[in-house]
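Okay, so here's the structure we're looking at.
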Amino acid sequence: MSGPALGLPRGPDKPSKAVKGGTAPDQTASTASSSVSSVHVSIEGKPATLSFDDDLFWLARGGSSAHAVNGADRALDPRHAYICVPNALVLYSSFVPDSDGGSLLVRLLAPPANQSNPLGPFGFKAPPSKASQVASLQTALSKKNEAPSASADGEAARSKLIALQEQIQGPCANVRLVKIEARLVAKAKGVHALEEDQQERATEWAEKLMRLAYGPEAAAVKPFRHLKVLINPVGGPGKGVQLFHSKVRPILEAAGCTLDIQITTHSGHGLSIAQTIDINAYDAIVTVSGDGMLHEILNGLAKRPDGAEALEKVCVAPIPTGSGNAISVNLLGVKQGFSMALASLNAIKGRPLSLDVCSITQPRSDTLPARASSTDGKAKRKSRALNASVVSSATASQSAAVDAAEASSDPPALERAPSQAYTHSYSFLTQAIGLMADVDLGTEHMRALGDARFIIGYVGGVLANTPCEVDIHVKLGASGTTNRADMRRRVARFAEGSQSLDSTHDGGLQAAGSGEEEDAQQVENATLEWTSSPQRANGSGQTSNAAQLRHGSVLDPLSGPSQEALPVLDLQDPSWPHTVLPVLQGATTPTGWAKVDARISGLYAGKLPYVARDLMQFPYALPGDGLLDLALLLHDGGRAGKLRAIDGAEKGQIIYDRALSYFKAEAYRVTPRRKAGDKALKGGGLLSIDGEHTPYAPFQVEVSRNLHFKVLSLFGRFVCPLVEPPAPPAGSSA
Ligand SMILES: Nc1ncnc2c1ncn2[C@@H]1O[C@H](COP(=O)(O)OP(=O)(O)OP(=O)(O)O)[C@@H](O)[C@H]1O
């Protein structure tokens, strides 16, 4: 596993919120064995022992010879500890000497009390031994590849494995801040003076614990981060400010981070902050918000003249206070995705993980009128924010004029700007049109319900059963595929590879395991092809920042290999032929541009597996593969089928639904057949990019090969299980 291991045995007993020390007699520092470092202290007048080994920190009662049982000191055994946590959950440790000895300060995150066994301070309850946990984990891991998929035994082994992996990945549900202040004092002043080197040893003990808490030497994370904190006061249920001050700030400050806090005052504020922030001044930007703020930061950074450098240097640590919080769910796992404490720990100790950035182009002529004519106040604010983020494809002087107009955030001023060929914005999460856009953007009035609003919107949308009238063109490219079994293999290989990641946590294909060479080669070839190909981009050359378009813009003509009419894309998946897709005569799987010939209810494309806690829509999404995962909700799937698809949606099995087509492509283009404002369209036409309102107009998307968006991650990969394909439907021959 890469990143801090958070799942080793945890302290079973109830920790007090603040454990304060007082004067007490026992004050010897000792080392019980080569791997355990202990210091005997007093806490609230009672003797206690603070210990750590390479993996764990624990606090136990006693520690002097008086507590020895059969010659062994129980305090040195983590199984008898009152608090016992992985070192990864230790935030801070230091020794402050004084004339009476001094104080050892240790701050950490610990699991909550065990309700069935609410022992008070210094109670004893033995957790399962570390050795037996590790052994059972290893056994389960070795069974991983042997487990037959269909048998009950296989299922049981797999469930156990998943449970154990989850324990490693995030056992820290509801962890809370514990502050330990322990005294190192002489037994009686002037009579038993401190041993000569006792303070020195206490200092060394605290420093060593701190080093273990922040990772092994080579891969150590720098403690005491300087963080820019951006709080969206209106994201999700609108509790960002309150949650930050009550749950997040105490943890960040306990870890010794310094904070520069700013509350956003309007939509688009995050974007303008990212455009002007000193990219060398902070270790990370902490967003107390949903995904919307990250979208703004991505666009703000990318739009800067030093966009590539800014995206390379700035890391973002999300704290989930929005509605969907998809980025946090992917980084922390579905169970811990909304955990303020774990997200705070990520801001303190996470390492950079590079996410793919999608380039999106739209005809400028279509986006400007949409912005000015919008009647919805919120949509207008958001649209303005988005347009402030667009990147001109024009010459430097035109670009400067547009920038000046955009900086004003004034729609009339924007319209006076020279007309440009296309706008260019960025996405890291999803693009949606049709049903899923209606679910996302059409439920904003239910914001107070948190992420429950999405399920309500989905059921309403399915019952309305409106077709999504768009033309879709897709470029699968050399490494795109419609084969789900192939995609699953790629994800499995990537997961194996990412286990061996250590300090880099790059998330890219270079992390792939031995079986990945072929895919890695494909990506390598694609990169070479891209870097050597001339910039098409509507003949206008490079955009004003570092983004480059490999597949041209939305305005470029689409053509087949020899300029003939575009072929129809065969969406059939040979490994899963159980959809309602008709068999198309003469359809092929070309690598160039092809058109989709299917009636759909919506298109949903994404780069991260989870789009919400209860929806793993893109289980085979990978960072760094240069591909977008696309899900087409087939109109002919019917209402009942789409409602049934909710079952198993959080496990990713939705992609095996009869009413869904799922594939990976290098680029795609969507051209709505109806104009924005058409009364037949919900909300006059909704297009969602990363959950944000975007002008309803043609758009083309590709994965940028030269830009990445860096977020902090505790695990170096998305925390999501490998999807188990469901059994084929009864009566099918496959
Ligand atoms: N002070 C503010 N007033 C009005 N809007 C704001 C303010 N600050 C930020 N915003 C806007 O709020 C929008 C929603 O933010 P956010 O993503 O945090 O919440 P959400 O949409 O509920 O969550 P999610 O995107 O995870 O579903 C963003 O588009 C952002 O531009």
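Indexing begins at 1, ligand by ligand and atom by atom, following the structure's order.
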Next on the checklist: If you compare all heavy atoms of Y696 against all heavy atoms of P672, which two are closest, and at what distance to 0.1 Å?
Outcome noted: CE2-CB, 3.5 Å
Checklist entry - Quick one: which of E296, E692, M293, H266 has a heavy atom closest to atom 29 (O) of ligand 1? => result E692
Next on the checklist: Please list, in number order, the atoms of ligand 1 under 4.0 Å from a heavy atom of G324.
Outcome noted: 24 (P), 26 (O), 27 (O)
Item to check | Pairwise side-chain contact, D291 with D690, heavy-atom cut-off 4.5 Å (strictly under) | outcome: no
Next on the checklist: Considering both backbone and side-chain atoms of G290, is one of its nitrogen or oxygen atoms within less than 3.5 Å of a nitrogen or oxygen in ligand 1?
Outcome noted: yes
Checklist outcome for this item: For P233, the atoms of ligand 1 under 4.0 Å from one of its heavy atoms are 1 (N)
Item to check | Atom of P237, atom of T321 and distance for their closest heavy-atom approach | outcome: CD-O, 4.1 Å
Checklist entry - Hey, is G268 one of the residues with a heavy atom under 4.0 angstrom from ligand 1? => result yes
Contacts under 3.5 angstrom, residues 239-246 side chains, donor-acceptor by atom type, not counting sequence neighbours:
from, atom 1, to, atom 2, distance (Å)
H245, ND1, R249, NH1, 3.4
S246, OG, Q242, O, 2.9

Next on the checklist: If the cut-off is 4.0 Å to any non-hydrogen atom of N325, which atoms of ligand 1 fall inside it?
Outcome noted: 26 (O)
Next on the checklist: Once you restrict to heavy atoms under 4.0 Å, what part of T265 touches ligand 1? Side chain, backbone, both or neither.
Outcome noted: backbone
Checklist entry - Looking at T264, which atoms of ligand 1 are within less than 4.0 Å of one of its heavy atoms? => result 1 (N), 7 (C), 8 (N), 9 (C)
Next on the checklist: Using a 4.0 Å cutoff against the non-hydrogen atoms of V234, which atoms of ligand 1 qualify?
Outcome noted: 2 (C), 3 (N), 4 (C), 5 (N), 6 (C), 7 (C)
Item to check | E650 with R613: basic N within carboxylate O range, under 4.0 Å | outcome: no
Checklist entry - For ligand 1, is there an N or O atom under 3.5 Å from any N or O atom of G292? => result yes
Next on the checklist: In this structure, is the centre-to-centre distance between the rings of Y662 and Y656 below 6.0 Å?
Outcome noted: no
Next on the checklist: To check you understand the geometry: which heavy-atom pair defines the closest contact between L109 and A341, and what is its length?
Outcome noted: CD1-O, 3.9 Å
Checklist entry - Hey, which atoms in ligand 1 end up nearer than 4.0 Å to a heavy atom of G236? => result 19 (O), 20 (P), 22 (O)
Considering only distance and modelled atom types, tabulate donor-acceptor pairs under 3.5 Å from the side chains of residues 674-687, sequence neighbours left out.
from, atom 1, to, atom 2, distance (Å)
R674, NE, E469, OE2, 2.8
R674, NH1, D678, OD2, 3.2
R674, NH2, E469, OE2, 3.3
D678, OD1, A680, N, 2.8

